[in-house]
Protein chains: 2
Amino acid sequence: MNTAPTSQLDAIAALEDAGLRITGQRRQVIAAIQRRKGGFTAEELATELEGVGRATVYRTLKLLVGADVICKIVLPDGTPMYSPSRVEHHHHSVCTSCGAVEEFRDITVERVLRSLAREIDGDIIGHRMEFYIRCGACLAAAND
Amino acid sequence: MNTAPTSQLDAIAALEDAGLRITGQRRQVIAAIQRRKGGFTAEELATELEGVGRATVYRTLKLLVGADVICKIVLPDGTPMYSPSRVEHHHHSVCTSCGAVEEFRDITVERVLRSLAREIDGDIIGHRMEFYIRCGACLAAAND
DNA sequence: TCCTTAATGATACTGAGTCTCATAAGGTGG
DNA sequence: CCACCTTATGAGACTCAGTATCATTAAGGA
């Protein structure tokens, strides 16, 4: 199984591989992402990183999404969130209570994609798939 | 198989069932949607319906989404689109060239959802799933 | 028809992201 | 190690989709 960049160094290498410069700001953004290890919003990051401009945060996030270092998730209400990628091709479940993001890779999902490819008139060039859940922890908390 | 509201009258009935008033503006929005029978943006509708305020168009769209008369789709670049619903529980394929939206209902998809429900720690309360394609017509046009 | 309540429109506002453009680094080649 | 060319940055204006406010208007049941 292929793995996506996982550490600071991997993320930096991914940018280098794309012929991009490794700037102090980009390091800061990457470090901040690795520090959290969970879902986050662009605005959160921009607020946290006072030394990095808002535009730069958004620009860097976009680069990192393109390099598969992080991915962008859309909540049911349309709010975008970002989350570090651990597995190359994967989907997400997002807890709508606590915002926890889990990645999963399910061969069943891949199978469906292939079966749909046969049914659909045209070429499938991409897809979006997210599950909205109440995670175990939130359910447990609610039952106290 | 259950079917979702399909005609003007069904859409109006759906609003009535929800205890909402049938206003001239809402009739106009519904009529404009039925006139197209395809994907559209909120802003398109607001421009077309000069007699209806922008806020009202958005409000009505939201009600219609809630009543399963239309559904909201998100393109890969994040652009939102709306499309009339024909089938109750379904997913979409959107052609990224021409914007054509197709609905499909696939029992395989439902099966995956159930299998994932078992794997995921927590309750699945919803999901989002969209396929981005190049439709047959666009492929044919490109091959000329 | 009257009257309560819900809906509307104009407009200001929010949130997420992009654009512009002058200024400030990166990271080679010498 | 320096100069230089190019890429990246920051500040702030702008866009796009949608929401909030609130005074005014109109549904539709009694």
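Below, read A as the first sequence line, B as the second, and so on, with proteins coming before strands; counting in each chain starts at 1.
Defined by atom type and a distance below 3.5 Å, a donor-acceptor pair is missing between the side-chain atoms of A:His91 and B:His127. Side chains of A:Arg26 and A:Thr60: a donor-acceptor N/O pair is absent below 3.5 angstrom, by distance only. Checked by atom type, the side-chain pair A:Tyr82/A:Glu44 shows no donor-acceptor distance below 3.5 Å.
Summarising the geometry, atom CG belonging to A:Leu45 is positioned 12.5 Å from atom CZ belonging to A:Arg54; distances are rounded to the nearest 0.5 Å. How far SG of A:Cys95 is from CZ of A:Arg134: 7.0 Å, rounded to the nearest 0.5 Å.
Distances shown here put every side-chain N or O of B:Tyr58 at or beyond 4.0 Å from the OP1 or OP2 atom of C:dA10. Not one side-chain nitrogen or oxygen of A:Lys72 sits closer than 4.0 Å to the OP1 or OP2 atom of C:dA16.
Contact annotation: side chain of A:Arg54 to base of C:dG17, donor-acceptor pair present below 3.5 Å.
Toward the 5' end of DNA chain C, the nearer of the two residues A:Ala55 and A:Gln25, judged by each one's closest nucleotide, is A:Ala55. A residue-by-residue look at B:Arg21 and B:Gly53 shows that B:Arg21 has its nearest nucleotide of DNA chain C further toward the 5' end.
Between the CE atom of A:Met81 and the P atom of C:dA16 there is a distance of 11 Å, rounded to whole Å. In this structure, B:Arg27 places its CZ atom 12 Å from C1' of D:dG28, rounding to the nearest Å. One atom, CG of A:Asp17, and another, P of C:dG27, lie 13 Å apart when rounded to the nearest Å. Computed from coordinates, the B:Lys62 NZ to C:dT8 C1' distance equals 16 Å when rounded to whole Å. Atom C1' of nucleotide D:dT15 and atom CG of B:Asp77 are separated by 14 Å, given to the nearest angstrom. Nucleotide C:dG26 holds its P atom 13 Å from the CD1 atom of A:Ile12, rounded to whole Å. Put simply, CD on A:Glu44 is 13 Å from P on C:dG15, counting in whole angstrom units. Taking atom CZ of B:Arg59 as the reference point, atom P of C:dA6 lies 14 Å away to the nearest angstrom.
When the nucleotides C:dA7, D:dA17, C:dG17 are ranked by their closest atom to the side chain of B:Thr23, C:dA7 comes out on top. Nearest nucleotide to the side chain of B:Arg26, out of D:dA8, C:dG27, C:dT8: C:dT8. Across C:dG17, D:dG10, C:dG9, the shortest atom-to-atom separation from the side chain of A:Pro80 is found for C:dG17. Candidate nucleotides C:dG17, C:dG9, C:dA7 were compared by shortest atom distance to the side chain of B:Thr56, and C:dG9 ranks first.
The residue B:Gly19 sits apart from the nucleic acid: no heavy atom pair falls under 4.0 Å.
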